[in-house]
Amino acid sequence: MMNRIKKSMSFLLVLAMIVSMMTAYYPARVYADSVTNYREYWSNVNTTQVMSGPSQATTFIVPSGKNLSLKAITLYHYNNGMGATPGTITLKKGTQTIGTWNAVGRYNNQWWDVFPSKVLSAGTYTITCSNNATWSCNGISNYAGFAAVYGTYSNATKKTTSKTSKKIRLSKKSAKLNVGQKLKLKLKNAKASKVKWTSSKKKVATVSKKGIVKAKKKGKATITAKYKGKKYRCKITVKKSGMTRTQAYNKAKNYIKKNGFKETDGVYRINLGKDNAGFEYSFLYYEEKNWIACWAEANKKAIVLFIPKNKNRTFCEFGKITKGITGEYIYYTNSFNPASYSYKSTQLNFKYLNGPKQDEKALNNEANAMLQWVFFDFNKNLKKKIGVTMKQLGFTKWDK
């Protein structure tokens, strides 16, 4: 009987040791929908040409007297557009390991994301990963691996209710607006129905009973909120409106027509040459349809972003080219609102149009990764050559 008990105890002890070793070996894995669910706290990611294999440590600082509520970490593994199988991401403070997490990949595994839920105290933190050889960096990042940290920080000491938290104050003391813009002002810690709003110059800026300021013409005005005999002021500076979307579209269209060559199919084209990464860029104008387009090609594959005159829709094509703009196969997206596109979070769905059918999942990953990469150069070339930006053409959130 005693022998059986001893054998049972020995078996349980060995089992506990195995479980303990597995827990130590396999890091925790935590999922979330997207890094865009959280606010970016720190990043060294930039759009200049990258290389692989950082030689310097990737570090960020939580300032003294603050705590960072860490929600996500993302690393960039461009690896010549091939990405890399997601591994692990580790966070350390000095010699102390805060955690190691299995990454999930997106955009052809070029982005590695982890979603820890940690509160970090003040100090310097170092990020490492399991595959340094494919981790992207460049001179602007000081040859530290590209990373972004998401979360919010707050005072390290516990907040307490005080008289200052109940202080009545305007949500803004000053603001700059373009003609036609609106701004909502709020008198904090005051009963809204008892606040009286006035403008010193109604021709420059007006204000409604609810504190909504509307910029009317260039100039300066003071918006006053009166509450219980006291006055609270906000200085408003109104500037002339910037370029409208229609103005930006017409400027790009006219430039391409004037400076481009007309092809046999009635399309005007400006060739911009090849960049250091091997991409060739062009601007096009389709006179019959009244569309402009940004074209990029590399390794006999091209992606085209069509921008019609209608500001609320755009679409994209991707395919393998054999000669000029003749496609061996072409896939396209349904039209979408350019204001909704973000290269960090929008995954466009490319569908079969013609030619030999492809593996749609792999093709979609490739097409989205290519569009993500060239969008920066579309914006740079438009600004340099024509004097307009992707935001002015309606892509107001593309870099968010």
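Positions are given from 1, in the same order as the sequence printed here.
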_Any Lys188 side-chain heavy atom under 4.5 Å of Ser171 side chain_ = yes

*Ignoring hydrogens and geometry, is there a side-chain-to-backbone donor-acceptor pair from Asn132 to Gly53 under 3.5 Å?*
no

*Using atom types as modelled and distance alone, determine if a side-chain donor or acceptor of Asn271 lies under 3.5 Å from a backbone N or O of Gly273.*
no

*Verify, without hydrogens or angle tests, whether Asn276 (side chain) and Gln49 (backbone) share a donor-acceptor contact under 3.5 angstrom.*
no

*Does any N or O in the side chain of Arg245 come within less than 3.5 Å of the main-chain N or O of Leu393, such that one atom is a donor and the other an acceptor?*
yes

*Looking at Phe306, Tyr285, Phe283, which one forms a ring-ring contact (aromatic ring centres under 6.0 Å, His included) with Trp291?*
Phe306

*Among side-chain atoms of Arg269 and Ser282, is any donor-acceptor pair under 3.5 angstrom?*
yes

_Test item: Asn44 and Thr58 side chains (from C-beta on) under 4.5 Å apart, heavy atoms_ = yes

*Side chains of Trp295 and Glu297: do they bring a donor and an acceptor to under 3.5 Å?*
yes

_Any donor-acceptor N or O pair under 3.5 Å, side chains Lys385, Asn259_ = no

*Any sub-3.5 Å donor-acceptor pair from Asn142's side-chain atoms to Ala144's backbone N or O?*
no

*Say whether Asn108 and Tyr78, considering side chains only, have a donor N or O and an acceptor N or O under 3.5 Å apart.*
no

*Do Thr74 and Asp113 have side-chain atoms, one donor and one acceptor, less than 3.5 Å apart?*
yes

*Residues two or more places apart in sequence or in another chain: which of them pass side chain to side chain contact (heavy atoms under 4.5 Å, CB included) with Ile61?*
Thr124

_Distance-only polar pair, side chains of Tyr150 and Asn37, donor-acceptor under 3.5 Å_ = no

*What distance do Lys309 atom NZ and Asn250 atom CG have between them, rounded to the nearest 0.5 Å?*
6.0 Å

*Indicate the atoms forming the closest heavy-atom contact of Leu70 with Ala72, along with that distance.*
CD1-O, 3.8 Å

*Nearest-0.5 Å distance, CD of residue Gln347 to CD of residue Gln372*: 9.0 Å

What side-chain donor-acceptor pairs closer than 3.5 Å can you find for residues 206-217, not counting sequence neighbours?
{"from": "Ser208", "atom 1": "OG", "to": "Lys210", "atom 2": "N", "distance (Å)": "3.2"}
{"from": "Ser208", "atom 1": "OG", "to": "Ile212", "atom 2": "N", "distance (Å)": "3.1"}

*Side chain of Asp275, backbone of Gly278: donor and acceptor closer than 3.5 Å?*
yes

*State which residues pass side chain to side chain donor-acceptor pair (under 3.5 Å) with Asn379; sequence neighbours excluded, sorted by chain then number.*
none

*Atom pair CD1/CG of Ile236 and Leu183 - distance to nearest 0.5 Å*: 5.5 Å

*Determine whether the side chains of Asn354 and Tyr329 contain a donor N or O and an acceptor N or O closer than 3.5 Å.*
no

*Would you mind listing every ring-ring contact (aromatic ring centres under 6.0 Å, His included) that reaches into residues 168-224, with sequence neighbours excluded?*
none

*Check the angle between the aromatic planes of Phe375 and Phe395 and answer parallel, tilted or perpendicular using the 30° and 60° thresholds.*
perpendicular

*Is Ile140 reachable from Trp42 through a run of I, L, V, M, F, W or Y residues, each pair having side-chain heavy atoms under 4.5 Å apart?*
no

_Any heavy-atom pair between the side chains of Tyr341 and Leu305 that's under 4.5 Å?_
no

*Separation between CZ of Phe376 and OH of Tyr343, rounded to the nearest 0.5 Å*: 3.5 Å

*asked:* In this structure, would Ile98 and Val62 fall into the same cluster of hydrophobic residues linked by side-chain contacts under 4.5 Å?
replied: yes

*asked:* Is the distance from the ring center of Trp135 to that of Phe146 below 6.0 Å?
replied: no

_Whether Tyr153 and Tyr41 hold their rings parallel, tilted or perpendicular, with breakpoints at 30° and 60°_ = perpendicular

*Please check if the side chain of Arg106 supplies one atom and the backbone of Ser345 the other of a donor-acceptor pair under 3.5 Å.*
no

*Would you say Gln110's side chain and Gly81's backbone share a donor-acceptor pair under 3.5 angstrom?*
yes

*Kindly say whether Met82 contributes a backbone atom to a donor-acceptor pair with the side chain of Asn79 at under 3.5 angstrom?*
no

*Return the orientation label for the His77 and Trp112 ring planes: parallel under 30°, perpendicular over 60°, tilted otherwise.*
parallel

_Gap between atom CG of Leu185 and atom CZ of Arg233 - 0.5 Å precision_ = 14.0 Å

*ring-ring contact (aromatic ring centres under 6.0 Å, His included) against Tyr352, all qualifying residues, sequence neighbours excluded*: Tyr331

What pairs of donor and acceptor atoms, side-chain ones from residues 358-365 against any protein atom, are under 3.5 angstrom apart with sequence neighbours left out?
{"from": "Gln358", "atom 1": "NE2", "to": "Pro356", "atom 2": "O", "distance (Å)": "2.9"}
{"from": "Asp359", "atom 1": "OD1", "to": "Lys361", "atom 2": "N", "distance (Å)": "3.2"}
{"from": "Asp359", "atom 1": "OD1", "to": "Ala362", "atom 2": "N", "distance (Å)": "3.4"}
{"from": "Asn364", "atom 1": "OD1", "to": "Phe350", "atom 2": "N", "distance (Å)": "2.7"}
{"from": "Asn364", "atom 1": "ND2", "to": "Phe350", "atom 2": "O", "distance (Å)": "3.2"}
{"from": "Asn364", "atom 1": "ND2", "to": "Glu360", "atom 2": "O", "distance (Å)": "2.9"}
{"from": "Asn365", "atom 1": "ND2", "to": "Lys361", "atom 2": "O", "distance (Å)": "3.4"}

*asked:* Has Ser335 got a side-chain atom pairing as donor or acceptor with Phe315's backbone, closer than 3.5 angstrom?
replied: no

*Report whether Val45 and Trp398 are members of the same hydrophobic cluster (ILVMFWY, side-chain heavy atoms less than 4.5 Å apart, transitive linking).*
yes

